[in-house]
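Notes for the one structure printed next.
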Amino acid sequence: MKYTKLNFMMSVLGIVIYVIDLIVDIWVSVRFFHEGQYVFGILTVSFMLFGTLVVQCFSYSWFKNDLKESGQESQHCFLLLHCLQGGVFTRYWFALKKGYHVAFKYTSKTDNFVEEQIDPHKEVIDRVTDLSMLRLFETYLEGCPQLALQLYILLEHGQENFTQYAAIMVSCCAISWSTVDYQVALRKSLPDKNLLNGPCPKLVYLFYKLFTLLSWMLSVVLLLFLNVKIALLLLLFLWFLGVLWAFKEQTEFCASRSMEFIYRIVVGFILVFTFFNIKGQNTKCPMSCYYIVRVLATLGILIVFWFYPLSIFNSDYFIPVSITIALTLLLGIIFLIVYYGTLHPNRSEETKLDEVDGKPVQRDCRMKYFLME
């Protein structure tokens, strides 16, 4: 388990995408306020604040836990940095600083450390994994609602401008990157998990997540055109079911009870958009049920929309959007089957649709209770 030069470059690319995503979000919100579209501007800022506040809470909580485990006192400067929304940048600074030393300068001959000390490669990989999970949280708490909003505005007004397309493209890139980067980093951080090696499994996994998500995003946008209240009630109901499942599974991701409660709320929100394993157990049945419901809900929205008056929607977009929804959903399910059927890292060990992720690991790691699949 080594942190390589390629891993360091991927970490640099990660912060570049993070900064670009942040800049585009600010740019879009300023543009909305400048053009007098205050509702869209407020929604954009609200999504940004919600995502970053949750991320800062988890980041600071992990800092406190790590300092406590190492026998150090909690430092007030870390609290101040997180209050100023600088937690992620602080983590990137520590990860890149240590990562550069490990990837480019460190060798077993130059640094003599005893077995009791922390392996520098392991330390950097754990830091990068924490960052990957925080980015994953922010992606689904802020990026997905942002993407749905931009698609809604584009289809409602039919306006084609650079800002609109830039926001959509950056959101898609951020979602794609954070999803694959987290899966790769997580498997690298857990010694009892097989690595996601080679470009093929990563691309198939990416397309499975991206296509199923895009299909659902467009379906939600169509439902918003039909009736905003019904769409919000459906999303709220799905969120409630996700939270109930998290409480039923008795997740044990956080050290404190209050943070565990917030984690379960976040789990419910993420499950509105995509499926993931929340406790490290076999998920064959839950995953199958999840995507059966997803297919039925998507088809139901399309059927209802076909019988609804088209005056509420730009008819020039309806047929292409409907075809895109059906095609991306089909492709997403195909890539899902291919990934779990032939390319899953544990495929060589077992032939189940999903792996049993509940086996205890040999070292203390918060990620052993969380494995997105």
Side-chain angles (χ1 to χ4, degrees), residues 3 5-34 40-41 43-60 62-63 77-78 80-104 124-150 161-186 202 206 209-210 213 266 270:
Y3 185 79
K5 295 178 181 179
L6 178 60
N7 295 140
F8 178 80
M9 298 306 296
M10 293 298 100
S11 298
V12 173
L13 181 59
I15 191 173
V16 170
I17 294 176
Y18 177 77
V19 172
I20 292 176
D21 187 29
L22 180 63
I23 292 174
V24 171
D25 288 341
I26 296 174
W27 178 25
V28 170
S29 61
V30 170
R31 175 178 166 273
F32 282 145
F33 285 113
H34 179 71
F40 293 147
L43 285 175
T44 301
V45 173
S46 298
F47 292 149
M48 290 173 58
L49 290 177
F50 176 64
T52 189
L53 286 175
V54 172
V55 166
Q56 301 302 322
C57 287
F58 278 104
S59 178
Y60 180 66
W62 296 351
F63 262 126
C77 62
F78 285 145
L80 178 61
L81 285 170
H82 284 80
C83 290
L84 296 175
Q85 309 304 306
V88 173
F89 289 107
T90 303
R91 285 183 172 274
Y92 264 117
W93 165 253
F94 284 124
L96 292 178
K97 181 181 179 181
K98 184 71 174 180
Y100 177 79
H101 174 77
V102 170
F104 291 92
V124 175
I125 290 172
D126 287 345
R127 289 181 179 182
V128 171
T129 305
D130 284 349
L131 266 171
S132 297
M133 187 168 188
L134 291 173
R135 290 288 292 117
L136 186 76
F137 280 171
E138 187 172 26
T139 292
Y140 287 98
L141 292 174
E142 183 263 330
C144 288
Q146 202 78 268
L147 177 59
L149 177 63
Q150 297 303 324
N161 57 72
F162 178 75
T163 305
Q164 210 83 51
Y165 287 120
I168 293 174
M169 290 301 297
V170 170
S171 294
C172 288
C173 289
I175 292 170
S176 303
W177 174 261
S178 63
T179 301
V180 176
D181 177 63
Y182 176 73
Q183 188 60 224
V184 173
L186 178 63
K202 296 173 185 176
L206 167 64
K209 285 292 183 181
L210 190 59
L213 178 64
V266 172
I270 298 176

Q | side chain to side chain contact (heavy atoms under 4.5 Å, CB included) partners of F33, counting only residues at least two apart | A | Y38, I42, V45
Q) Taking only residues two or more places apart in sequence, or in another chain, which ones meet L84 in a side chain to side chain contact (heavy atoms under 4.5 Å, CB included)? A) L80
Shortest non-hydrogen contact from [X] to [Y]?
{"X": "A174", "Y": "T139", "value": "O-OG1, 3.9 Å"}
{"X": "A166", "Y": "W27", "value": "CB-CZ3, 4.3 Å"}
{"X": "T129", "Y": "A185", "value": "OG1-O, 3.2 Å"}
{"X": "T179", "Y": "I175", "value": "OG1-O, 2.7 Å"}
{"X": "G86", "Y": "Q56", "value": "N-OE1, 3.9 Å"}
{"X": "C144", "Y": "L213", "value": "SG-CD2, 3.9 Å"}

With rounding to the nearest 0.5 Å, note down the distance linking [atom1] in [X] to [atom2] in [Y].
{"X": "C173", "Y": "I17", "atom1": "SG", "atom2": "CD1", "result": "6.5 Å"}
{"X": "I125", "Y": "N7", "atom1": "CD1", "atom2": "CG", "result": "7.0 Å"}
{"X": "I15", "Y": "M10", "atom1": "CD1", "atom2": "CE", "result": "14.0 Å"}
{"X": "F63", "Y": "F78", "atom1": "CZ", "atom2": "CZ", "result": "5.0 Å"}
{"X": "L96", "Y": "F89", "atom1": "CG", "atom2": "CZ", "result": "11.5 Å"}
{"X": "F137", "Y": "Y182", "atom1": "CZ", "atom2": "OH", "result": "7.5 Å"}

Q | Residue pairs passing the salt bridge (Lys or Arg N to Asp or Glu O under 4.0 Å) test where at least one lies in residues 132-141, sequence neighbours excluded | A | R135-E138
Q: Output every pair passing side-chain hydrogen bond (donor to acceptor under 3.5 Å, both in side chains) with a member in residues 11-23, not counting sequence neighbours, ordered by first then second residue.
A: Y3-S11
**Q.** side-chain hydrogen bond (donor to acceptor under 3.5 Å, both in side chains) contacts in which one or both residues fall within residues 80-89, not counting sequence neighbours
**A.** T52-Q85, S59-H82
With a 4.5 Å heavy-atom cut-off, do [X] and [Y] have their side chains touching?
{"X": "V28", "Y": "Q150", "value": "yes"}
{"X": "K202", "Y": "Q183", "value": "no"}
{"X": "Y100", "Y": "K5", "value": "no"}
{"X": "M133", "Y": "F58", "value": "no"}
{"X": "V170", "Y": "I20", "value": "yes"}
{"X": "F8", "Y": "V124", "value": "no"}
{"X": "L81", "Y": "Y60", "value": "no"}
{"X": "R127", "Y": "K98", "value": "yes"}

Q) What do the steps show when you test D25 against E142 for side-chain contact (heavy atoms from CB on, under 4.5 Å), and what is the final call? A) CA-CA 10 Å; D25 288 341; E142 183 263 330; 2.7 Å; yes
Q: Go through the steps for L134 and W62 under the test side-chain contact (heavy atoms from CB on, under 4.5 Å), then give the verdict.
A: CA-CA 11 Å; L134 291 173; W62 296 351; 3.6 Å; yes
Q. By ring pair (Phe, Tyr, Trp, His ring centres under 6.0 Å), which residues pair with W93, not counting sequence neighbours?
A. none
